[in-house]
Amino acid sequence: MANYYTDNPALKHHLQHPLMEKIVELKERNYTDADKYDYAPLDFADAMDSYDRVLDIVGEICGTKIVDNAESVDHEGPVCEGGRVTYAAGTRDNLDTCRKAGLMGMAMPRRLGGLNFPITPYIMAADIVSRADAGFENLWGLQDCAETIYEFGSEDQKQRFIPRACEGATMSMDLTEPDAGSDLQSVMLKATEQPDGTWRLNGVKRFITNGDSDIHLVLARSEEGTKDGRGLSMFIYDKRDGGVNVRRIENKMGIKGSPTCELVFKNAKAELCGSRRLGLIKYVMALMNGARLGIAAQSVGISERAYREALAYAKDRKQFGKAIIEFPAVYEILAVMKAKLEASRSLLYETSRFVDMYKLYEDISKERALTPEERKEMKHYSRLADACTPMVKGMGSEYCNQNAYDAIQIHGGSGFMKDYACERVYRDARITSIYEGTTQLQVVAAIRHVTTGTYLSLMKEYEAREVKESLQPMRKRLQAMMERYEKAVEAVTSVKDQAYGDFMARRLVEMAGVTIMSWLLLDDANRNDDFVATANVYLNLAESEVARHAEFIDSFKIEELADYKAE
């Protein structure tokens, strides 16, 4: 029987990171819940055992039930009739299994029906689910919308909506519209306040993942006469109140089990979440950061599936009297696939730990005043989370697409056929670099951390760590990469030309990304010998990428920009 957690030692390696002890201590408030709940941990070892056991359950469900349903779900898909969505039979089976196993609302507090898990093991579960079926992860993973209600909703809203999510109520975030995709400031769905304090929503939303969910978070224009983000607020809509119908389900390339809907709001009753005017400025930004981390986890899970499909086929397929994995042209592809997979996974869990740390301090600050040292730590991790989230979403999704492409290539003509899972994996992968902000938008979010030095400071933190003598040559190569990156940043920023800086932004962000991921893999190799070979393969790749971008920047003349604008 397959288990997608226990068959992947890299997951336990990342779960056992040294920072987890502090994360768990903060999450458990020094384990005070043990006095109230018999399933709450008594200490760090007990908490880690709990995460391990739950992830084992996730791994078993994914390695049997969800992966077994994936093909039929892809063929059947959801259907829309009478303004309502019916999931594919396999999707309904998956949701029922996850509900019965208590896997909904994992990161929510125990008092609201959750398991009180930190974000890191929750993201690990998302990684595992995505390996089994990326489309199902979009349904299961949207339970994270409950985090927004927990952070910004009233106590009454928390008590009414979060326990439902923990029991299995589905959720969605209704942001985009026909004329407002990435430009959410253009959202025009109208919210009108009623005399009794409730609101009514009217308008259309498009490209809404799981759009016929039980509980919706809706971005709407609450302020008459406004046209920018300052006129937008966040609302909670309960499907039981009626007023929202699904006009259609989009006919998509991939992730077909996840219904992407166009919604029509007709005088739909809703309630304000948080304060007016902060819908986009504060709440959606927090919601999107969580969603981007989720897509990064989805990307890693798809990468894992692509790599394993390619590896199994290469071992089994015989050509010219031997398995094709014995040919250098094939084993090089596989080695690079694994290196990209492990690099993106290392950055994923580093980022999730940063998010855990700052969010935990934020949560504690609602209960008591933070000490100056705690406040300083919160700001430090908040900045790192803000820097690494667009990087891991952008680069992780690109690696996911590259690995899915290479999995097809290793399968040859067979990979083009629906008989093999890699064909579905390839279609599922494509959306990861588009939704929740395209790779290009992730560069826009990340570039300020290049110019302000956040990434360089993080690299220097990694450089200061002790490493084994056997890994010193790798460390020296990384130091040389850092120096080249630093010079490239200086070369671009010294020009003082906005258009030129924007043009070079992608190159600088990618240089920072591959260097940071190389440092992380070196740290993995320092803690676990199993990562040494992969760290070396990735370092070879990263060095070539840094050199390529540095050479382009060094040789590029600013007047050449005109050539790129020519039609």
- Gln159 meets the side chain to side chain donor-acceptor pair (under 3.5 Å) criterion, sequence neighbours left out, with Glu155
- Counterpart residues, ring pair (Phe, Tyr, Trp, His ring centres under 6.0 Å), relative to Trp140 (two or more places apart): Tyr122
- Tyr87: what forms a ring pair (Phe, Tyr, Trp, His ring centres under 6.0 Å) with it, not counting sequence neighbours? none
- Task: Please identify each residue that fulfils side chain to side chain contact (heavy atoms under 4.5 Å, CB included) with Ala533, with sequence neighbours left out.
- Result: none
- Task: Apply side chain to side chain contact (heavy atoms under 4.5 Å, CB included) to Thr454 and list each qualifying residue two or more places apart in sequence or on a separate chain.
- Result: Arg383, Leu384, Ala387, His449, Thr452
- With sequence neighbours left out, the residues meeting side chain to side chain contact (heavy atoms under 4.5 Å, CB included) with Ala70 are Asp133, Arg424
Which atom pairs, one a donor and one an acceptor, fall under 3.5 Å between side chains of residues 279-295 and the rest of the protein, sequence neighbours left out?
unit_1: Tyr283; atom_1: OH; unit_2: Ser275; atom_2: N; d: 2.8
unit_1: Arg292; atom_1: NE; unit_2: Glu436; atom_2: O; d: 2.7

- Message: Under the rule for side chain to side chain contact (heavy atoms under 4.5 Å, CB included), what residues qualify as partners of Glu398, not counting sequence neighbours?
- Response: Gln402, Ser433, Thr439
- Task: Under the ring pair (Phe, Tyr, Trp, His ring centres under 6.0 Å) rule, collect the residues that match up with Phe235, sequence neighbours excluded.
- Result: Trp199
Show me the side-chain donor-acceptor pairs of residues 163-170 shorter than 3.5 Å, one per line, residues at least two apart or across chains.
unit_1: Arg164; atom_1: NH1; unit_2: Asp238; atom_2: OD2; d: 2.8
unit_1: Thr170; atom_1: OG1; unit_2: Asp214; atom_2: N; d: 3.1
unit_1: Thr170; atom_1: OG1; unit_2: Asp214; atom_2: OD2; d: 3.1

- Query: Which salt bridge (charged side-chain N to carboxylate O under 4.0 Å, His left out) pairs, counting each pair once, include a residue from residues 37-48, with sequence neighbours left out?
  - Reply: none
- His17: ring pair (Phe, Tyr, Trp, His ring centres under 6.0 Å) partners, not counting sequence neighbours: none
